[in-house]
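Encoded as structure tokens, the structure appears first; notes follow it.
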Amino acid sequence: MSKISCDIIQDMLPLYYDEVCSADSRKMIEEHLQECEKCSNIFQKLKTECVVDTKENAESIQSSVMGKMAHSWKRSLLRSFIIGIVITTIVLTAIFGTYYALFIRQNSMVSPEQISISAYSLTDEQITFRLELLDGYCGGTIKTYTDENRNLYISVLRTVIKEELSDGETEIMNYGFNHEKKDYIAVYYGTPNNCELIWKKGDLLPTAPKDIFE
Ligand SMILES: [Zn+2]
């Protein structure tokens, strides 16, 4: 068997290192490396360079991992920020919602027992109701509802948290309508489920005192 030249062996060393050459070539290279110091040195050098290369690869992988971590950190910061905004919005909505429900929204009806109602005629067609609140709190707004039988329901609505009147003060509200035009059968204070009759068609009414709107 003729001795293979160092050049051929050196050409094949990278393939041998990567373990991609045939078993015969492998055997041949190994035999040559055992005998030839020059080629053996070259192979050692090749191995060292490859290890360095692998190390660099590892560093670049590490820095890419760091990059991903920074990216995910930024993402989690953004997520925390969004969650913070959502929570703040919910809390503010709850606070203002509660405030609105208790102090602004006039949804609480003054019950028939807490109100004294007098009905008067102003003119031949005009009827007016004088609503005096008896529980010592300010009034709110008058809400009306007419059913399909021309029954009118009047109620005074106010906020859940009521404003107290000063001593000696009374809250009086007036509500009037043209009964020739409206042609109501009856007028109730309250809602259809909880009401008291305050006037029905044909009831004669006293003339309103002069100071009723004062
Ligand atoms: Zn050699």
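What you see is a predicted model, and the numbers here were worked out from it, not measured in a lab. Atoms within a ligand are numbered from 1 in the order they appear, just like the ligands themselves.
In summary, D24 and K27 do not engage in a salt bridge, as defined by a charged side-chain N under 4.0 Å from a carboxylate O.
Near the Zn ion (ligand 1), less than 2.8 Å away, sit the protein N, O or S atoms C6 SG, H32 NE2, C36 SG, C39 SG.
Inter-residue side-chain proximity for I115 and V156 is flagged as met; some heavy-atom pair is nearer than 4.5 Å. For the pair Y16/R26, a side-chain contact is recorded, criterion being any heavy-atom separation below 4.5 Å from C-beta on.
Sequence neighbours left out, the pairs with a member in residues 142-169 that pass ring pair (Phe, Tyr, Trp, His ring centres under 6.0 Å) are Y145-Y153, Y153-Y188. For residues 127-148, every residue pair satisfying the salt bridge (charged side-chain N to carboxylate O under 4.0 Å, His left out) rule, not counting sequence neighbours, is listed here: R130-E132, D135-R158.
Considering only residues two or more places apart in sequence or on other chains, D183 meets the salt bridge (charged side-chain N to carboxylate O under 4.0 Å, His left out) condition with K201.
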